[in-house]
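A short write-up of the structure that comes next.
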Number of protein chains: 2
Amino acid sequence: MPTPPPSSPAAAGTSDVEVETLTAVFQVQEMTADTDPVLCVLLGHDTDGPWTLPGGAVAADATLETSARRAVADSVAIANIAHLEQLAVFSDPHRLPGTRTIASTYLALVPSDVPTELPHASAWHPVDALPTLAFDHAEIVEAARHRLAAKLSYTNIAFALAPSRFPMSQLSEIYCAALGYAVDTTNLLRILSRRAVVVATGTVGKTGRSGGRPPALYAFADKQLRVTDEFATLRPPM
Amino acid sequence: MPTPPPSSPAAAGTSDVEVETLTAVFQVQEMTADTDPVLCVLLGHDTDGPWTLPGGAVAADATLETSARRAVADSVAIANIAHLEQLAVFSDPHRLPGTRTIASTYLALVPSDVPTELPHASAWHPVDALPTLAFDHAEIVEAARHRLAAKLSYTNIAFALAPSRFPMSQLSEIYCAALGYAVDTTNLLRILSRRAVVVATGTVGKTGRSGGRPPALYAFADKQLRVTDEFATLRPPM
DNA sequence: TCAAAAGTGTTCGTAGTACACCCATGT
DNA sequence: ACATGGGTGTACTACGAACACTTTTGA
């Protein structure tokens, strides 16, 4: 019979620890009609305090991931979270006053076509103009942004930010919002096609307000995270 | 004054949780004189139970990372851990019997030239021939291997596996052991040179047992993790 | 017919692979 | 000298970036 793993020599029964989840939920939104869409993060605040990321204590009967999903559900229905993944753990003993609380943090993505109405005291904030955040929450948002940007270049993670069908120009705007710089729509299509990340649906969309050719609509081949460019270098032979 | 983050609606005071660290410590070792070196992981076992990863409860006064370092220190001096980074959190409510225990897991690397003598009931095991491991520890080793392999291709993480000076052929063997397939020594030098990951020291090593030209010795430019190939694609303009 | 947006094609640079060939040493 | 391993050079491929040009629509 397996015995529990050995505990640290000089630490017996150090159970005085809380575990919370904190999630950076991102959505790309058009703030105004004639401006480029921007990356937004979901924040809440209780009674006058600074803004916080959605989160809460671990549920006794669930994994941290499920707990994170539930904590976000106050503002965004769980079905609308197209992707959720672990970020880092923040465990500085003094990151919060009071009882020691370890934060397991998550990155969550919501497609740009789900309604942005929020109940309660929550709101979407553009990541480039964040208000003051509580504790280390700003650091967590930064880590999430960084992770998202990195994964955009070697995975199909954008499936979780895009609508189910979209013209490439719109996808390009999503990449632009998330990465913080322009991407060439032409080349984006080529890259994502070659990798079989994106496929043409055969349908065409409506042309925009100021004329122009009606765009072909594309869709993501998978709706789950897939690494599409695993080995930049040192790939296995053959 | 900031208030603590909101707690999950139907979960008040769920503090019945232990937090442990578990670390997959890797070292590349020559098991026998005339065979290729292999990647090994550090395991321990208490009194007849299955093998386990080193770990233990969180220290009250330290971060999880520091706790992980201390837990490994029984077997490998902390100074010999050239790199340590977070892996995933394992939070299945039933991953251990008894009190709910959440595991924050780590990947640690030890250079191949530090002595491999181990005190106590610990031993190095080749990752391709692991004994039965306790609980989900095998899964953690797999995650660690995968992370290591991935980072070898886009970071300088090999600095933590290699001695301070080495011939390229030896570095090639280290890559081979960690990746599981052969890498071309010639091209490895070119790639790592271009990226300024590795630099020539000007010194030369001793020629091998069966003749041959004495090899130039190289060293890693940095002894801290650095991403050397950040954007495989979609890099920022200019 | 003109502007706007979409899509196609072409060129270029560069990184990585494969592999042939040359160099230095011990026996 | 020759086998053994180390090092250099070269050709080939592939991917991505940049950008010009063509196509399709609405006004």
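Convention: sequence-line order gives letters A, B, ...; per-chain numbering from 1.
- For C:dG16, the OP1/OP2 oxygens have a side-chain nitrogen or oxygen of B:R195 closer than 4.0 Å.
- A donor-acceptor contact under 3.5 Å is not formed by the side chain of A:R235 with the base of D:dT13.
- OP1 or OP2 of D:dC15 lies within a sub-4.0 Å distance of a side-chain N or O belonging to A:R194.
- Rounded to an integer number of Å, the gap from B:N187 CG to C:dA15 C1' is 11 Å.
- Here A:S169 does not reach the OP1 or OP2 of C:dA5: none of its side-chain N or O atoms lies under 4.0 Å away.
- Rounded to whole angstrom, the span from the CD1 atom of B:I191 across to the C1' atom of C:dA18 amounts to 12 Å.
- One interatomic measurement links the two molecules: OH of A:Y175 to C1' of D:dG16, which rounds to 14 Å at whole-angstrom precision.
- Straight-line distance from the CD atom of B:Q170 to the P atom of D:dG7: 12 Å, rounded to whole Å.
- B:L188 has its CG atom 17 Å from the P atom of C:dC19, to the nearest Å.
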Q.
Evaluate A:H83 against A:E85 for side-chain hydrogen bond (donor to acceptor under 3.5 Å, both in side chains), listing each step before the verdict.
A. CA-CA 7 Å; A:H83 177 71; A:E85 70 177 49; 2.7 Å; yes

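- Atom CG of B:D184 and atom P of C:dT17 are 9 Å apart (whole Å).
- Defined by atom type and a distance below 3.5 Å, a donor-acceptor pair is missing between the side-chain atoms of B:T155 and B:R226.
- In this pair, B:F220 and B:F166 present their aromatic rings tilted. The plane angle is within the 30 to 60° band.
- Between the side chain of B:R190 and the base of D:dG7, no donor-acceptor pair of N or O atoms lies under 3.5 Å.
- Within the nucleic acid shown, A:T186 comes within 4.0 Å of at least one base atom, counting heavy atoms only.
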